[in-house]
**Q** 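Here it is: the structure, laid out below.
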Amino acid sequence: IQVVVIPGSPADVTIEDGNGQTATVNTAVTTPPSVLVTDAAGNPVPGASVRFRVAGGGGKVDDGTGPADSVDVLTNPSGIAAVPGWTLGTTAGTNTLRALLVGADSVDFTAAGTPDDAASLELSGLPASVTAGEADSVVVTARDAFGNVAVGYTGTVEFSSSDPAAILPSDYTFTAADSGSAAFSVELRTAGARSVTVEDGANSLIDTENT
């Protein structure tokens with residue numbers, strides 16, 4: 001006797017593909033996250049509803065109709081459900097996407113969001129007032145458009161000041177070891193309101209800052 005055995009009710013969900021990826025902040029991961037839904041006997045279950053929801057790090061999922069915090073996707077004939085797009089948040093670090101099988105369990109995808117290219121130079125460290133002729137430390141930090149430290153920045157920074165007698169650092173080219181931030185010594189020598197400016201002379205797209 002031959003009979004047709006059909007899958008039972010959805011009982012388990014496991015990660016199929018797309019976990020542990022890395023992408024630049026505010027961009028989509030390369031591989032769409034997907035899960036496999038099975039019944040209690042381990043058979044793939046088609047037509048099961050899986051909710052993909054952003055659970056950490058910000059960002060959005062997209063089912064083709066636009067970005068959202070969560071989308072519902074049905075499993076295909078092989079029991080696999082994939083979210084068409086997962087765009088990471090704007091803050092560098094770990095992002096989490098949860099796939100929930102209603103009435104059963106859930107699984108979490110994680111992805112690492114890495115900083116974008118440098119968009120600005122931040123100059124910090126000088127107090128509101130300094131003593132003429134004394135060296136002070138300043139820190140130059142490259143940041144992307146979302147405020148993350150641009151750890152991959154390798155541009156050359158140039159210093160200038162409204163103090164004609166100031167002793168300023170020589171031009172400096174960042175290296176990978178700097179991880180987007182470096183300290184320098186500045187000596188202002190002329191009394192009065194003075195400013196110090198840092199810029200990337202070779203890249204006009206990077207905003208400059210003075211203090």
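Positions are given from 1 along the sequence. Computed from heavy atoms alone, side chains included, the values below leave out hydrogens, waters and symmetry copies.
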**Q** Check the hydrophobic clustering (I, L, V, M, F, W, Y; side-chain heavy atoms under 4.5 Å; chains of links allowed) and say if Phe52 and Ile80 are grouped together.
**A** no
**Q** Phe159: what forms a ring-ring contact (aromatic ring centres under 6.0 Å, His included) with it, not counting sequence neighbours?
**A** Phe184
**Q** Restricting to ring-ring contact (aromatic ring centres under 6.0 Å, His included), what partner residues turn up for Phe109, sequence neighbours left out?
**A**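 Phe109 satisfies ring-ring contact (aromatic ring centres under 6.0 Å, His included) with no residue once adjacent residues are dropped.
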**Q** With distance as the sole test, does Asp62 use its side chain to make a donor-acceptor pair with the main-chain N or O of Gly85 at under 3.5 Å?
**A** no
**Q** Using a 3.5 Å distance criterion without hydrogens, assess whether the side chain of Asp144 forms a donor-acceptor pair with backbone atoms of Asn148.
**A** yes
**Q** For a quick test of reading the model, state the closest non-hydrogen atom pair linking Leu88 to Gly113 and the distance between them.
**A** CD1-CA, 3.8 Å
**Q** Is a donor on one side and an acceptor on the other found under 3.5 Å between the side chain of Asp136 and the backbone of Val130?
**A**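 Here the side-chain-to-backbone pair does not exist.
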**Q** Measure the CG-OG1 distance between Asp200 and Thr156 for me, rounded to the nearest 0.5 Å.
**A**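 Here the interatomic distance stands at 6.5 Å.
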**Q** Rounded to the nearest 0.5 Å, how far does CG of Asp72 lie from OG of Ser49?
**A**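 These two atoms lie 4.5 Å from each other.
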**Q** Is the closest side-chain donor-acceptor distance between Asp163 and Thr190 under 3.5 Å?
**A** yes
**Q** Could you check if a side-chain atom of Thr24 sits within less than 4.5 angstrom of a side-chain atom of Thr114, using non-hydrogen atoms only?
**A**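 Yes. Closest side-chain heavy atoms under 4.5 Å.
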**Q** Below 4.5 Å, heavy atoms only, C-beta onward: do Val138 and Leu123 meet side chain to side chain?
**A** yes
**Q** Would you say the side-chain atoms of Thr38 pair up with the backbone N or O of Asn43, donor to acceptor, closer than 3.5 Å?
**A**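 Here the side-chain-to-backbone pair does not exist.
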**Q** To the nearest 0.5 Å, how far apart are CG in Asp12 and CG in Asp105?
**A**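 Answer for the CG-CG pair, Asp12 versus Asp105, is 7.0 Å.
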**Q** Answer yes or no: is there a side-chain heavy-atom contact under 4.5 Å between Ile1 and Val3?
**A** yes
**Q** Do Pro32 and Pro84 touch side chain to side chain, with heavy atoms closer than 4.5 Å?
**A** no
**Q** If you look at every heavy atom in Gly201 and Glu158, which pair is closest and at what distance?
**A**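 Here Gly201 and Glu158 meet closest at CA-OE2, 3.8 Å.
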**Q** If every non-hydrogen atom of Val83 is compared with every non-hydrogen atom of Val73, which pair is closest and at what distance?
**A**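 Heavy atoms only, the tightest pair is CA-CG2, 4.5 Å.
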**Q** How far apart are the closest heavy atoms of Pro7 and Pro46, and which atoms are they?
**A**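 Looks like CG-CD, 4.1 Å.
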**Q** If two hydrophobic side chains count as joined below 4.5 Å and joins carry through other members, does Val29 share a cluster with Val25?
**A** no
**Q** My understanding is that only one of Leu168, Val186, Val140 makes a side-chain contact (heavy atoms from CB on, under 4.5 Å) with Val198; could you say which?
**A** Val140
**Q** Mind checking whether Leu36 and Val50 sit in one hydrophobic cluster, side chains of I, L, V, M, F, W, Y counted as touching below 4.5 Å?
**A** no
**Q** Just by distance, do the side chain of Gln21 and the backbone of Gly18 share a donor-acceptor pair under 3.5 Å?
**A** yes
**Q** Determine, step by step, whether Thr110 and Asn19 satisfy the side chain to side chain contact (heavy atoms under 4.5 Å, CB included) criterion, reporting the C-alpha distance in whole Å, the side-chain angles of both residues, the deciding distance to 0.1 Å, and the verdict.
**A** CA-CA 6 Å; Thr110 59; Asn19 191 31; 3.7 Å; yes
**Q** To the nearest 0.5 Å, tell me how far Ser160 OG sits from Glu199 CD.
**A**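 Going from the OG atom of Ser160 to the CD atom of Glu199 covers 6.0 Å.
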**Q** Within a strict 4.5 Å, meaning less than it, do heavy atoms of the Pro10 and Asp39 side chains meet?
**A** no
**Q** Indicate the atoms forming the closest heavy-atom contact of Arg189 with Ala165, along with that distance.
**A**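 Scanning both residues, the minimum pair turns out to be CD-O, 3.0 Å.
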**Q** Just grab all the ring-ring contact (aromatic ring centres under 6.0 Å, His included) pairs involving residues 125-156, residues at least two apart or on different chains.
**A** Tyr153-Phe174
**Q** Calculate, to the nearest 0.5 Å, the distance between atoms OG and CG belonging to Ser34 and Asn76 respectively.
**A**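 Here the rounded value is 9.0 Å.
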**Q** Taking Asp69 first and then Lys60, would you say they form a salt bridge - that is, a charged N and a carboxylate O separated by under 4.0 Å?
**A** yes
**Q** Which of these passes side-chain contact (heavy atoms from CB on, under 4.5 Å) with Leu121: Thr197, Val157, Thr141?
**A**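 Of the listed residues Thr197, Val157, Thr141, the side-chain contact (heavy atoms from CB on, under 4.5 Å) partner of Leu121 is Val157.
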**Q** Hey, are the side chains of Ser185 and Pro169 touching, using non-hydrogen atoms and a 4.5 Å cut-off?
**A**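 A side-chain contact under 4.5 Å is absent here.
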**Q** In the structure I gave you, are the side-chain heavy atoms of Leu100 and Arg53 within less than 4.5 Å of one another anywhere?
**A**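 Not touching, per the 4.5 Å side-chain cut-off.
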**Q** Are the side chain of Thr154 and the backbone N or O of Thr175 linked by a donor-acceptor pair below 3.5 Å?
**A**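 No: the side chain of Thr154 does not pair with the backbone of Thr175.
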**Q** Can a donor-acceptor pair be found, under 3.5 Å and without considering hydrogens, that links the side chain of Thr87 to the backbone of Gly59?
**A** no
**Q** Please find the pair of heavy atoms, one from Val13 and one from Val107, that lie closest to each other, and give the distance.
**A**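 Where Val13 meets Val107 most closely, the heavy atoms are O-CG1, 3.4 Å.
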**Q** Can you tell me how far CG of Leu126 sits from CG of Leu188, rounded to the nearest 0.5 angstrom?
**A**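 That separation rounds to 6.5 Å.
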**Q** Please answer whether the main-chain N or O of Ala48 pairs with a side-chain N or O of Thr75 as donor and acceptor at a distance below 3.5 Å.
**A** yes
